[in-house]
Asker: 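Got a structure here, written out as C-alpha cells. Questions coming.
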Amino acid sequence: MNLTRRSLLATATGATLLGGLAACGGESESSAGAGGGGGGESKDLRLWLMQDSVPDETQAWLKSTFEEQNAGATLTIEVQQWDGIVSKLQTSLASRDESPDVIEFGNTQVALFSSVGALLDISDQEEELGGSDLIQSFIDAGSWEGKLYATPLYAGARVYYYRQDLLQAAGIAVPTSLDELVAAAKALNTANPEGVPDFSGIYMPGADPHTNEGWLFTHGGQYAEQDGDTWKGMLSSPESQAALAQVQDVMLTATKYALDSNENAQVAYQLFNDGKVGMYSALNVAAAKIDQAMWDAGKVGVMALPGLTPGSIGNTFSGGSSIGISANNHNLELSQALLKLVYSDEFMTDMAKVGGWIPGRTSFSSALEGPTGSIAQEIIENSVLTPNSPQWGVLDGNNVPRDFWVRIAKGEDVKAVAADVDTTIADALNKS
C-alpha cells in the first residue's frame, strides 16, 4: 500500500480531504482572521460525539446550557459509531455544508486531520480550557508543528482486575512488579483453585494491542521514534525485545486465550465473570460489567499495571478522546463558546462522576467513584502514546499493531517479527 499523504486522506469516492481543504482555504482565512479557518453567521451548531462517550444526561445539560447562554443559538448533538468514523470524517470535514462544527476524535486520530488543515488552531484557547490541568499526553497528541488543534475530552485508565480469592486460595501474593505479575499468572494458571475447565491465569490475547502495549512501554520500548524528520522502527531495540519476550512467555504459558479474536477480547469480562480467567486488563469503566455479587463477596481486586521495580506503576497506552473545532465550522465564536462549556466545572465533573472517565481536566478526577477511582488518575499520568503521526492512524486502521501482536501470540520468533514490522512501520511513517 502506498501510504502517501494523498492516499492516506482519500475517501471512497475518490475526493480528497486535502484537496477539499485547499479549495476553501482562502475563504476560511479571510473570514476567520488570526484564528484561521471557518466562521460564519449560522447559529445552528452541530456537535459530533462518539458512542458511549458522554452520558445522555450530560449531553442534555450541555445542549440546554449552551442554548440558554447563547440567545437564538441551537445545538444539535449527533452521536457517531466508532466503526468507519475516519472515512466519515474525511468526507464531512472537507465540506463546508456537511462539516460538523465541533468534533470528538480518538486521540490517535487527531494528527491525521490536524496535519492537513481540517481542524482549527485553538492554541489561544488552551489556558482558558484548563492549561496545565489538561492531560499532557493528549495535548501532545493534539498538537501539530507547534500548534494545538485538539484538547483532551476524557481518558480511560487501563487497570488489571483480579480474583483475589483465587490468589489467596493458591497462596499467591498480589503482584507488585511486572516480573511478579508474570510469576503470579503462571502459578495461578497451574493452580486453578476451583478446577474450572479452560481456566487461564491471565487473559492475554494478541488481538488486544493496547493491553500488550503497556508491557512494551513499561520496559521502555516503543513502536517507533523520530530523529529529526526520520522515523525509525524501535521494536528491535533491547527494551522492546525484553518486553516482547516477556509478553510471549505469558501468552504461551499462562493463558489459553492468546489467539482469541478481537470480538472476544471486547467481552473478556464474561470469562472473568464465569471464573475462567484469574486476571484481565480493561478500562476502568469496565468495573461496572463485572458481576456485582463478586464485588459484594470481596472476590475482586483492582491494580495498576505494575512497573519494573516492586511498588512502581507501569506505563499503559494513553487511550481516550480529544475534541476540536472544524476548520469548516459555521460560526467560530459559538464553536469556541461550546468548547469552553465542555471544559466547565459541571461538564468535567459529570464526565468523572456519571461517565466514569478520567476527565480532560485532571483535577476533576477526584469525582471518580467506584473501585478504580483511587488509581485511575495516576495511571493516566504515567500513560504513553503511540507514534504521533498521521500515518500511524492508517497503520492502526489497517491493523498493523494488532497483526504484530497476534504473530507474537502464535509463537513466532520475536526478533524476526520485530525486524519485519520495524521496516513496515518506518516505511509508512517516512512517507510524505
Side-chain angles (χ1 to χ4, degrees), residues 157-219 221 240-260 264-265 267-284 286-287 290 294 299-317 371-372 375 379 405-411 414:
R158 301 196 73 84
V159 304
Y160 268 87
Y161 300 94
Y162 62 91
R163 285 285 302 275
Q164 56 188 7
D165 60 327
L166 297 185
L167 290 178
Q168 290 170 358
I172 302 168
V174 176
T176 64
S177 70
L178 212 50
D179 284 345
E180 290 179 9
L181 179 56
V182 173
K186 291 181 179 182
L188 188 58
N189 190 68
T190 300
N192 186 8
E194 295 181 338
V196 177
D198 296 322
F199 177 78
S200 288
I202 193 169
Y203 186 77
M204 195 85 171
D208 182 13
H210 290 329
T211 286
N212 303 326
E213 285 160 1
W215 297 58
L216 177 67
F217 299 152
T218 297
H219 275 275
S240 294
Q241 285 292 297
L244 299 182
Q246 191 173 54
V247 168
Q248 188 175 70
D249 182 30
V250 173
M251 288 176 167
L252 296 180
T253 64
T255 183
K256 297 181 183 298
Y257 303 101
L259 296 179
D260 238 6
N264 285 343
V267 292
Y269 61 88
Q270 294 176 348
L271 291 172
F272 190 80
N273 286 339
D274 291 341
K276 290 184 176 295
V277 295
M279 296 181 279
Y280 94 105
S281 173
L283 293 174
N284 60 300
I290 295 175
M294 293 173 66
K299 293 182 176 181
V300 183
V302 179
M303 66 180 177
L305 175 70
L308 298 182
T309 58
S312 64
I313 286 183
N315 306 109
T316 55
F317 168 71
T372 65
I375 59 174
I379 290 172
W405 290 106
V406 169
R407 292 177 67 182
I408 299 299
K410 288 179 177 178
V414 294

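Only this structure's heavy atoms are used, side chains among them; waters, hydrogens and symmetry mates stay out.
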Asker: Do Asn284 and Pro371 have side-chain heavy atoms sitting under 4.5 Å apart?
Answerer: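 No, too far: nothing below the 4.5 Å cut-off.
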Asker: With a 3.5 Å distance limit and no angle check, can you tell me whether Thr255 reaches the backbone of Met251 through a side-chain donor-acceptor pair?
Answerer: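 No: the side chain of Thr255 does not pair with the backbone of Met251.
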Asker: Give the C-alpha distance, both sets of side-chain angles, the deciding distance and a yes or no for side-chain contact (heavy atoms from CB on, under 4.5 Å) between Leu181 and Leu305.
Answerer: CA-CA 9 Å; Leu181 179 56; Leu305 175 70; 4.0 Å; yes
Asker: In Å, rounded to the nearest 0.5 Å, how long is the span from CG of Asn212 to CZ of Phe317?
Answerer: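 Reported to 0.5 Å precision, the distance equals 12.5 Å.
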Asker: Can you list every side chain to side chain donor-acceptor pair (under 3.5 Å) pair that touches residues 301-315, not counting sequence neighbours?
Answerer: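 Sorted pair list: Thr309-Ser312.
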Asker: Report the distance from atom CG of Leu178 to atom CD of Gln246, rounding to the nearest 0.5 Å.
Answerer: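 The distance works out to 4.5 Å.
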Asker: Please confirm whether the backbone N or O of Gly214 pairs with a side-chain atom of Thr316, one donor and one acceptor, at under 3.5 Å?
Answerer: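 Looks like no, no N/O pair under 3.5 Å.
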Asker: With ring-ring contact (aromatic ring centres under 6.0 Å, His included) as the rule and sequence neighbours excluded, what pairs involving residues 183-205 come up?
Answerer: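 Qualifying pairs, neighbours excluded: Tyr203-Tyr257.
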Asker: Looking at every non-hydrogen atom in both residues, tell me the closest pair between Pro193 and Ala170 and how far apart they are.
Answerer: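 Looking at all heavy atoms of both residues, the shortest contact is CG-CB, 4.1 Å.
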Asker: Looking only at the side chains, is there a donor atom on one of Gln270 and Asn264 sitting less than 3.5 Å from an acceptor on the other?
Answerer: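 No, because no side-chain N or O of Gln270 sits under 3.5 Å from a partner of the opposite role on Asn264.
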Asker: Using side-chain hydrogen bond (donor to acceptor under 3.5 Å, both in side chains) as the criterion, list what pairs up with Glu194, not counting sequence neighbours.
Answerer: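 For Glu194 the side-chain hydrogen bond (donor to acceptor under 3.5 Å, both in side chains) partners, ignoring immediate neighbours, are Arg163.
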Asker: Considering non-hydrogen atoms only, spot the tightest contact between Glu180 and Val174 and give its length.
Answerer: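 It is OE1-O, 4.4 Å.
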Asker: Between Leu259 and Ala409, which heavy-atom pair has the shortest distance, and what is it?
Answerer: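 In this case the closest contact between Leu259 and Ala409 is CD2-CB, 3.8 Å.
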Asker: Has the side chain of Asp208 got a donor or acceptor atom that lies under 3.5 Å from a matching backbone atom of Met204?
Answerer: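 Not confirmed, Asp208 side chain does not pair with Met204 backbone.
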Asker: Which residues pass the salt bridge (charged side-chain N to carboxylate O under 4.0 Å, His left out) test with Lys299, sequence neighbours left out?
Answerer: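 Here no residue qualifies.
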Asker: Kindly give the heavy-atom pair with the smallest separation between Gly206 and Val406, and that separation in Å.
Answerer: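 Gly206 and Val406 have their closest heavy atoms at C-CG2, 3.9 Å.
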Asker: Per the ring-ring contact (aromatic ring centres under 6.0 Å, His included) rule, what does the pair list look like for residues 159-179, sequence neighbours excluded?
Answerer: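 Only Tyr161-Tyr280 qualify under ring-ring contact (aromatic ring centres under 6.0 Å, His included).
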Asker: Please give me the minimum heavy-atom distance between Lys276 and Val196, naming the atom from each residue.
Answerer: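 Result for this residue pair: CG-CG1, 4.0 Å.
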Asker: Asp198: which residues meet the salt bridge (charged side-chain N to carboxylate O under 4.0 Å, His left out) condition with it, sequence neighbours left out?
Answerer: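 Residues passing salt bridge (charged side-chain N to carboxylate O under 4.0 Å, His left out) with Asp198: none at all.
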Asker: Of the non-hydrogen atoms in Gly278 and Leu188, which two are nearest, and what is the gap between them?
Answerer: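 Answer, listing the atom of Gly278 first, then Leu188: CA-CD2, 3.8 Å.
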Asker: Checking side-chain contact (heavy atoms from CB on, under 4.5 Å) for the pair Ile202/Asn189: CA distance, chi angles, key distance, verdict?
Answerer: CA-CA 7 Å; Ile202 193 169; Asn189 190 68; over 6 Å; no
Asker: Can you measure from NZ (Lys410) to CG (Leu252) and round to the nearest 0.5 angstrom?
Answerer: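 If we round to the nearest 0.5 Å, Lys410:NZ and Leu252:CG are 13.0 Å apart.
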Asker: Evaluate Met303 against Thr176 for side-chain contact (heavy atoms from CB on, under 4.5 Å), listing each step before the verdict.
Answerer: CA-CA 9 Å; Met303 66 180 177; Thr176 64; over 6 Å; no
Asker: side-chain contact (heavy atoms from CB on, under 4.5 Å) between Leu244 and Trp405: does it pass, once the steps are laid out?
Answerer: CA-CA 9 Å; Leu244 299 182; Trp405 290 106; 3.5 Å; yes
